[in-house]
Student: 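Dropping a structure here in structure tokens format, bear with me for questions.
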Amino acid sequence: MDNGQATKMPKPFDSDIDLNASASGGNQQQFVLREDDRLKQEEDYRQELMKVQDEIITLRQVLGAKLKREHELKTLLGVGLVDDIKQDWNETVSDIKSSVAYQKTAETFNAASEKLAPTLQTVNSTFKSGIGSLR
């Protein structure tokens with residue numbers, strides 16, 4: 001191996017370009033190679049897109065069939081719309097209560113209520129005694 005080749009990092013598509021070619025001829029060939037590569041890449045993307053779209057259609061069909069079967073089973077079991085709404089509501093409330101944000105907010109409210117409770121009791125008794133003296 002010669003020293004010039006060992007230290008030179010190859011550019012994309014250099015292996016197909018004659019290094020002794022004239023500047024304009026070499027650039028033209030490099031452009032054609034890059035264009036061909038870009039077109040091949042674009043075609044690969046189009047094929048992959050078509051494949052993904054086909055998979056999406058298949059998944060939608062499967063999901064539709066599963067939803068239909070779910071409805072049939074619920075009908076056979078006598079599970080109605082109200083039961084579904086109750087179950088969804090309970091799951092939603094459970095999800096909210098288990099969230100970190102809810103737990104932090106609840107802790108903050110508990111701490112605030114513990115600090116405010118004595119003050120509110122004092123205001124309440126003062127208010128009651130004031131009304132009592134008016135009678």
Side-chain angles (χ1 to χ4, degrees):
M1 219 188 250
D2 116 349
N3 244 357
Q5 287 180 339
T7 59
K8 179 183 174 194
M9 293 297 294
K11 294 180 185 174
F13 313 110
D14 267 355
S15 61
D16 295 331
I17 296 175
D18 181 8
L19 296 176
N20 297 324
S22 68
S24 63
N27 287 341
Q28 182 64 29
Q29 186 178 7
Q30 188 175 12
F31 175 75
V32 170
L33 289 173
R34 286 184 179 165
E35 183 68 18
D36 289 346
D37 195 45
R38 185 188 66 79
L39 291 174
K40 179 165 180 358
Q41 184 72 36
E42 191 174 292
E43 181 60 28
D44 290 344
Y45 288 154
R46 288 184 195 283
Q47 288 176 359
E48 185 178 356
L49 176 62
M50 287 174 39
K51 182 179 176 184
V52 169
Q53 288 172 335
D54 287 343
E55 290 172 354
I56 290 170
I57 290 170
T58 302
L59 290 170
R60 284 183 178 157
Q61 291 170 344
V62 170
L63 180 60
K66 294 291 184 182
L67 289 170
K68 182 179 177 183
R69 183 62 180 153
E70 176 193 31
H71 178 69
E72 291 170 354
L73 291 171
K74 284 182 177 180
T75 302
L76 292 171
L77 291 170
V79 177
L81 179 62
V82 174
D83 295 326
D84 277 346
I85 292 172
K86 284 180 183 178
Q87 182 180 356
D88 288 346
W89 176 258
N90 289 335
E91 287 175 8
T92 302
V93 169
S94 175
D95 289 346
I96 290 171
K97 285 185 176 181
S98 66
S99 72
V100 174
Y102 177 85
Q103 291 174 356
K104 286 183 179 180
T105 304
E107 289 173 9
T108 303
F109 279 135
N110 286 338
S113 67
E114 288 174 5
K115 291 179 182 179
L116 285 175
T119 305
L120 291 176
Q121 288 174 350
T122 304
V123 169
N124 187 22
S125 32
T126 305
F127 181 72
K128 282 182 180 178
S129 66
I131 289 181
S133 66
L134 289 176
R135 289 185 186 175

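In what follows, residues are counted from 1 in the order of the sequence shown. Note that the structure is predicted; figures quoted are calculated from it, not measured.
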Student: Checking E35 against L39 for the side chain to side chain contact (heavy atoms under 4.5 Å, CB included) test, could you report, in this order, the C-alpha distance in whole Å, the side-chain angles of both residues, the deciding distance, and whether it holds?
Tutor: CA-CA 6 Å; E35 183 68 18; L39 291 174; 4.1 Å; yes
Student: Determine, stepwise, if the pair I56 / V52 fulfils side chain to side chain contact (heavy atoms under 4.5 Å, CB included).
Tutor: CA-CA 6 Å; I56 290 170; V52 169; 4.0 Å; yes
Student: What is the distance from atom CD of Q41 to atom CG of D37, rounded to the nearest 0.5 Å?
Tutor: 7.0 Å
Student: Rounded at 0.5 Å granularity, tell me how far CD in E72 sits from OG1 in T75.
Tutor: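 It is 7.5 Å, given to the nearest 0.5 Å.
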Student: Donor-acceptor check, side chain of S94 to backbone of N90, threshold 3.5 angstrom: yes or no?
Tutor: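 Not confirmed, S94 side chain does not pair with N90 backbone.
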Student: Using 0.5 Å steps for rounding, measure from the CD1 atom of I96 to the CD atom of E91.
Tutor: 12.0 Å
Student: Could you give the distance from CG (D88) to CG (D95), rounded to the nearest 0.5 Å?
Tutor: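 Spacing of CG (D88) from CG (D95) equals 10.5 Å.
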Student: Can you tell me how far the CG atom of D54 sits from the CG atom of L49, to the nearest 0.5 Å?
Tutor: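 It comes to 9.5 Å.
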Student: State whether D36 and K40 are salt-bridged, where the test is any N-O pair (Lys NZ or Arg NE/NH1/NH2 against Asp/Glu carboxylate O) under 4.0 Å.
Tutor: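 Looking at K40 together with D36, the answer is no, because their closest N to O distance does not fall below 4.0 Å.
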Student: Roughly how far apart are I57 CD1 and E55 CD, rounded to 0.5 Å?
Tutor: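 Atom-to-atom, I57:CD1 and E55:CD are 10.5 Å apart.
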Student: I'd like to know if E42 and R38 make a salt bridge, using a cut-off of under 4.0 Å between side-chain N and carboxylate O.
Tutor: yes
Student: Can you list the residues that meet the salt bridge (charged side-chain N to carboxylate O under 4.0 Å, His left out) rule with E107, with sequence neighbours excluded?
Tutor: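 With sequence neighbours excluded, E107 shows a salt bridge (charged side-chain N to carboxylate O under 4.0 Å, His left out) to no residue whatsoever.
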Student: Hey, are E48 and K51 close enough for a salt bridge, meaning a charged N less than 4.0 Å from a carboxylate O?
Tutor: no
Student: Of all heavy-atom pairs between N110 and S113, which one has the smallest distance, and what is that distance?
Tutor: O-OG, 2.9 Å
Student: Please report the C-alpha distance between E70 and L67 in whole Å, then the side-chain angles of each, then the deciding distance to 0.1 Å, and finally whether the side chain to side chain contact (heavy atoms under 4.5 Å, CB included) criterion is met.
Tutor: CA-CA 5 Å; E70 176 193 31; L67 289 170; 3.6 Å; yes
Student: Checking D84 now: which residues fulfil salt bridge (charged side-chain N to carboxylate O under 4.0 Å, His left out) with it, not counting sequence neighbours?
Tutor: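 If we apply the salt bridge (charged side-chain N to carboxylate O under 4.0 Å, His left out) test to D84, skipping adjacent residues, the hits are K74.
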Student: Quick one: are L81 and I85 in side-chain contact, heavy atoms under 4.5 Å?
Tutor: yes
